[in-house]
Amino acid sequence: MTALAFPQPGSPLAFGVATASYQVEGAVTADGRGQSIWDTFTARPGTIADGSDGSVACGSYERLEDDLELVAGLGVAFYRFSVAWPRVQPEGSGRVEQRGLDYYDRVVDGLLARGVLPLPTLYHWDLPQPLEDAGGWPVRDTAERFAEYAGIVAGRLGDRVQTWATLNEPWCSAFLGYAAGIHAPGRQEPDGAYAAAHHLLLGHALAAERLRGDASVGIVLNPSPVRAESPDAEAAARAVDAIQNRLWFDALSAGRYPTDLTELAPALTDDRLVRPGDLDRMAGSLDWLGINYYFPIRVAAAEDADETGTRPHAYPGAPAHRFAPRGPLTAIGWEVDAGGLEEVLVRVSHQFAGLPLMVTENGIALDDRDRRDDGNVYDRARMDYLLDHVAATERARAAGVDVRGYVAWTLLDNFEWAEGYRMKFGLVEVEAGSLARRPKASYEWYAQLVHAGGLIP
Ligand code: FCB
């Protein structure tokens, strides 16, 4: 089967849609899948807002053909999905479970048969639990294990997949997982979070070394513009910017950590953690860069170091601050600012000197209360949000930024991590219980936008 290609320079903006394994697949014990940190985290009382977990999710593991039809029905050029490491290596190392790989083989073939480019992400947060038991991302061996796993997946799919994303939003894995503790594995260890960040980047670089040559390799980051609400919040805003943005930018583009960050995080100057050569491997490890964008971060001053808003301790070492998003907010409490996407794209294109970019996620959580006569959700605000962000992407292109694609988050209403099923980002509603798929108005609208080639065809 022929491989479809990553959009070429100068080609029209290409459109896609995304999902992630733990959020949609369910079937957590099928075909020899091992446990992930999200299976164990969700089992801990109080971790998930509605007490739910991903054991059923959208049932996508058993409904592959239905979901591929929904992807194809959008007319998108590519589908961004993630491979669940615990399906491929139930113990996180060594033994390979062929039945897990068989599933992703069917995903890839099913996409190609429908003329859709597969864009797999190798790690969207579902670390095999045995690796967490051995220390998780704060331990260097996890990076080596990730590269081994990446090689195994590429060995099976690499004849048909030429574009890979290694990690999804490593900031979340490191700082929500190991500092704030609001994502799996739920640890609150500031030094551990910095060690995790380093090992995630190292794991990416080691994986890229294995995959490149035959394939184009990217990473998916979630940068945000960081805005100080007042002069006395500027130091905190700089620290937030260092942790959210520059840590990843500087390591991947220049092979260094920002100096102001190493002051906040002495762990990053410890040469038992950051070994000679590590940073050199990260520099230039990218053929393309994925940007997930949802909201800008507004930082206000706070007196009390614990007063850090909705994401406590996610920025360890930063001066006391709180978040002050400006309304109207989305259902999940995020500010809407499409201009922030344009700002981020321009910034990274400078930082990475013209590296091809892709908006790998963008979307909105809504209550989805309005329905049309046919009973389907009428989500006008979702169409508005997507339209404004596609327009921002096109403005960045017009300004010379080499952004090749735009990917809507997400195909299906799904398991939204610590928020459970309450937060709905999908173009398609998934009925509780029956798991029946019901396209929302935004699904039809997005298909039309894709068909038209965007706002500037
Ligand atoms: C991103 C995640 C994605 C989804 C969206 C809403 O941070 O990558 O899985 O949860 O947010």
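Both ligands and their constituent atoms are indexed starting at 1 by order of listing. Since we're looking at a predicted model, the values are computed, not measured.
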Which residue and non-hydrogen atom of the protein lie closest to [atom], and at what distance in Å?
atom                   : answer
atom 2 (C) of ligand 1 : Glu361 OE1, 3.3 Å
atom 5 (C) of ligand 1 : Tyr294 OH, 3.3 Å
atom 7 (O) of ligand 1 : Glu169 OE1, 2.6 Å

Enumerated ligand 1 atoms positioned under 4.0 Å from heavy atoms of Trp417: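 The atoms of ligand 1 under 4.0 Å from a heavy atom of Trp417 are 3 (C), 4 (C), 9 (O), 10 (O).
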Atoms of ligand 1, numbered as shown, that sit under 4.0 Å from any heavy atom of Phe425: 6 (C)
Judging by distance only, is a nitrogen or oxygen of [X] under 3.5 angstrom from one on ligand 1?
X      : result
Glu416 : yes
Trp125 : no
His124 : yes

Distance-only donor-acceptor check, side chains Tyr79 and Thr19, under 3.5 Å: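 Yes, side-chain donor-acceptor contact under 3.5 Å.
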Residue portion contacting ligand 1 (non-hydrogen atoms closer than 4.0 Å) for Asn168: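 Looking at Asn168 and ligand 1, just side chain atoms fall under 4.0 Å.
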Neighbour count above 12 (heavy atom, 6.0 Å) for Arg372 CZ: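 More than 12 heavy atoms, drawn from other residues, nucleotides or ligands, come within 6.0 Å of this atom.
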Salt bridge present between Glu148 and Arg145 (N-O < 4.0 angstrom): yes
Any side-chain heavy-atom pair of Asp31 and Glu97 under 4.5 Å: no
Flag, side chain of Arg114 to backbone of Gly110, donor-acceptor distance under 3.5 Å: yes
Under 3.5 Å donor-acceptor, Asp413 side chain and Gly426 backbone: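 Answer holds: yes.
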Tyr385 and His389 aromatic ring geometry - parallel, tilted or perpendicular at 30°/60° bounds: parallel
